[in-house]
Amino acid sequence: MSIEILFLVSLLAVLTYAQETGFVYNGFRSANLSLDGIAEITSNGLLKLNNDTNQQKGHAFHPYPVQFKNLPNGSIKSFSTTFVFAIQPPYASMRGSGFAFVVAPQSGLHGSLPGRYLGMFNETNNGNFSNHVFGVELDTFLSFEFQDINDNHIGIDLNGLTSVMSAPAGYYQDNGEFNNLSLISGQAMQVWVDYDGTDKLIKITLAPTNVKKPKIPLLYLIQDLSPIINENMYVGFSSSTNWLLTSHYVLGWSFSVNGEAQALALSRLPKLSQIRKKETSEVLTIGLPLMVLFVVLMLILSVVYVIRRKRKLAEVLEDWEREYGPHRFKYRDLYTATKGFRDQELLGTGGFGQVYRGILPTSNIEIAVKRVSHASGQGMREFVAEIISIGRLRHRNLVALLGYCRRKREMLLVYDYMPNGSLDKYLYNQPKVTLNWMQRLRVIKGVASGLLYLHEGWEQVVIHRDIKASNILLDAEFNGRLGDFGLARLHDHGTDPQTTHVVGTFGYLAPEHMRTGKATTSTDVFAFGVFLLEVACGRRPIKQGDMEDVILVDWVFSCWDRGDILEASDPKLRAEFVEEEMEFVLKLGLMCSHPSPSMRPSMRQVLQYLEGDLPMPELSYAGISSSALTFTHPEGFDALAMSCPSSTGQAFTHLYSAAESLLSGGR
Ligand SMILES: *[C@@H]1O[C@H](CO)[C@@H](O)[C@H](O)[C@H]1NC(C)=O
Ligand SMILES: *[C@@H]1O[C@H](CO)[C@@H](O)[C@H](O)[C@H]1NC(C)=O
Ligand SMILES: *[C@@H]1O[C@H](CO)[C@@H](O)[C@H](O)[C@H]1NC(C)=O
Ligand SMILES: *[C@@H]1O[C@H](CO)[C@@H](O)[C@H](O)[C@H]1NC(C)=O
Ligand SMILES: *[C@@H]1O[C@H](CO)[C@@H](O)[C@H](O)[C@H]1NC(C)=O
Ligand SMILES: *[C@@H]1O[C@H](CO)[C@@H](O)[C@H](O)[C@H]1NC(C)=O
């Protein structure tokens, strides 16, 4: 039905029947009620007695007084009223206070209280016969104060809230059977109030809107209302809210004096459907907002996560880096390859950073990613340039440096992955698998040829600076490959290497390197010599003893001095080696680790000796005492960067003993 027709019909109904004898409202769209408090008329014509403000009252009265008495004997006329209402609680089982149909001396009950007083009375006037208020309460709250029978009843109130008579909500079928009704069901229900002025009989009847007016009323009370109802009275509704917000709606209302109230046109009443809550609404009213909140939260979190991840993985590329094109890896790729630098992918931790295993996303190539923290920002450009140069080195005994990635001060170096790990695993600490002599010789030859390539075979001289067993990696065929160019330095052929602060690992540092701070090919040869002894003896270059540390070079030297160099051979080999070869390697190791750089062979010579192309000269330490072999403690070098031979703990011990010897040497 269109709004206009509804309007006309309502207007017509009001006009034709709106004399003092009665009125009918089939919806309140065009009604001229006097409202106060929180009562309002909704846009679709419902009389809403209360809104969502708690502890408030709402009143709606017919604007003109009704004449109840004009009879000479002073008794009041019969009257009849009917209305359709609905009570909607916020949640199915929660009950606010109810509302009442009232006949009162003024429209609006001044001074009345909300909550359990239903907007009708207050503490002082409740029950006082001077009130002149007749009410029919639809009570949904159990107030012991007013002797309520339950929280779902209808009661007749005369001047006070303690009902004269009340009954649980429900209706009788014509056969006398009683049906319970729940006032807060949200369903529309109809109430009839009939007063017979002759018999002084009040009848209250309740029924759902789909049930005809029951013949048997719910409440039936003989009571003369003449002392209560004055000659001219206002009729209307009084409602209130407590802290539980319950909505009270009146859909239609009809009233008549001296005759039965005109029946309401139920089909024309405004619809509750758009605001009626279904039984499942409890889930929806609580659940839905929570779900929406949850979803929104999840969305926000995932957006934050995506942004943070994006920012985290974003490339920080400087102009000068663009020329390195293919050598520069994307951080995102390395992050994915190493599964976010997960601990499970950690291959090892060295003095210069952690090494992770990874698989490149697109090519599926296995790589090892080394994270180096590079403290100074300025040297970065030169550092990267060197990395790139080194990246161009290609030799089958070098671990190929595939490229790099730079992030702020963090440097990621990407190497070929070496499935068999580093050599030191097979030499010390009671290894599960050790290498036999043949394999060791092959590794030695491989490393020698790799080092020769670095020193002489390339356009520039490359000083490795950190040759040691833990930097020798084994490929799938157990070929030794020189890895870890984190410390490597380049200089042009025929020029002098720059003096830098001393880097390397204790036990592998040539004496003159410590003195001058200059790394040369010769200092690499020294470290290579120590490495040879390591492989042949299966011992660390510095072994911590009870009294003092045993220096491997000194110890082998003393064995040789005693004429029993084979005593130094690795017991794990169980004498399964060619004695001449073992002796040869040990002597070559001593020769390379000679304290005087001029006495050391070049890598070219070393390789020739190893290949048997050149006979090795007799080892001669003429004029050098065993003690002179010990690391002479240099004076006046300031910075000493070290990588640790195996574990950090040991590195500290070495550092500590170095500092100690520095102090004692200074005195
Ligand atoms: C309730 O109605 C009163 C009176 O009309 C009004 O002042 C108040 O803002 C309303 N509250 C809500 C929540 O609608
Ligand atoms: C509405 O009611 C008020 C009294 O509450 C009255 O003054 C006014 O004239 C009425 N308006 C109409 C259109 O009936
Ligand atoms: C109670 O209501 C009456 C009018 O109905 C009023 O005169 C009186 O002041 C009210 N009392 C309080 C305490 O509000
Ligand atoms: C009832 O109210 C009247 C006037 O408001 C007052 O004079 C009277 O004392 C009250 N009676 C009781 C019992 O409170
Ligand atoms: C009606 O409600 C009363 C209590 O309010 C209960 O004892 C009775 O069993 C109910 N009857 C039906 C048919 O639900
Ligand atoms: C008062 O008069 C009316 C109409 O004459 C009558 O119906 C009613 O019974 C009378 N009431 C009393 C109490 O006499």
Side-chain angles (χ1 to χ4, degrees), residues 33-40 47-69 74-76 79 81 83 85 96-148 153-166 193 195 200 202 204 221 223-246 248 250 253 255 257:
L33 296 181
S34 65
L35 302 176
D36 73 80
I38 52 174
E40 64 188 28
L47 168 57
K48 192 177 184 208
L49 294 171
N50 51 14
N51 66 13
D52 290 349
T53 317
N54 64 15
Q55 295 295 355
Q56 293 296 323
K57 53 187 180 176
H59 295 135
F61 281 87
H62 183 66
Y64 311 105
V66 175
Q67 195 181 33
F68 280 90
K69 282 181 192 172
S75 64
I76 65 161
F79 65 90
T81 188
F83 56 92
F85 73 95
S97 41
F99 77 102
F101 165 78
V102 288
V103 179
Q106 329 100 22
S107 73
L109 295 144
H110 307 294
S112 63
L113 293 177
R116 63 189 192 281
Y117 290 96
L118 302 181
M120 290 165 76
F121 306 105
N122 60 32
E123 292 117 318
T124 47
N125 71 0
N126 183 38
N128 191 320
F129 269 82
S130 68
N131 287 335
H132 294 284
V133 172
F134 166 76
V136 176
E137 65 170 36
L138 299 160
D139 201 344
T140 56
F141 201 82
L142 179 60
S143 301
F144 293 103
E145 185 184 351
F146 306 132
Q147 294 152 40
D148 283 348
H153 65 270
I154 294 191
I156 298 171
D157 295 345
L158 303 175
N159 295 319
L161 283 160
T162 307
S163 303
V164 180
M165 189 185 196
S166 60
V193 177
Y195 177 71
K200 321 284 185 244
I202 306 167
I204 314 278
L221 177 68
Q223 168 76 49
D224 185 6
L225 290 180
S226 308
I228 294 160
I229 294 180
N230 299 331
E231 184 174 353
N232 291 304
M233 296 286 269
Y234 289 85
V235 291
F237 299 94
S238 176
S239 159
S240 72
T241 53
N242 55 16
W243 50 273
L244 282 166
L245 299 169
T246 308
H248 304 142
V250 179
W253 177 29
F255 181 89
V257 177

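For the single chain, residues carry numbers from 1 onward in sequence order. Numbering of ligands and ligand atoms starts at 1, following listing order.
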So, using side-chain contact (heavy atoms from CB on, under 4.5 Å) as the criterion, who are the partners of Phe83 when residues are at least two apart? Phe85, Phe99, Phe101, Leu138, Val191, Phe237, Val250, Trp253

Looking at every non-hydrogen atom in both residues, tell me the closest pair between Glu40 and Leu35 and how far apart they are. CA-CD1, 3.9 Å

What part of His110, side chain from CB on, backbone N/CA/C/O, both or neither, has a heavy atom under 4.0 Å from ligand 3? backbone

Could you grab the distance from atom CG of Asp139 to atom NE2 of His153, nearest 0.5 Å is fine? 4.0 Å

Between Asn232 and Pro65, what is the shortest heavy-atom contact and its length? CB-CB, 4.2 Å

Has Ser112 got a side-chain atom pairing as donor or acceptor with Asn122's backbone, closer than 3.5 angstrom? no

Working note: Phe121 + Leu109, criterion side-chain contact (heavy atoms from CB on, under 4.5 Å); need CA distance, chi angles, decisive distance, verdict. CA-CA 8 Å; Phe121 306 105; Leu109 295 144; over 6 Å; no

Could you check ligand 4 for N or O atoms lying under 3.5 Å from protein N or O atoms and list the pairs with distances?
residue: ligand 4; atom: 2 (O); partner: Asn128; partner atom: OD1; Å: 3.4
residue: ligand 4; atom: 2 (O); partner: Asn128; partner atom: ND2; Å: 2.2
residue: ligand 4; atom: 2 (O); partner: Ser130; partner atom: OG; Å: 3.2
residue: ligand 4; atom: 11 (N); partner: Asn128; partner atom: ND2; Å: 2.7

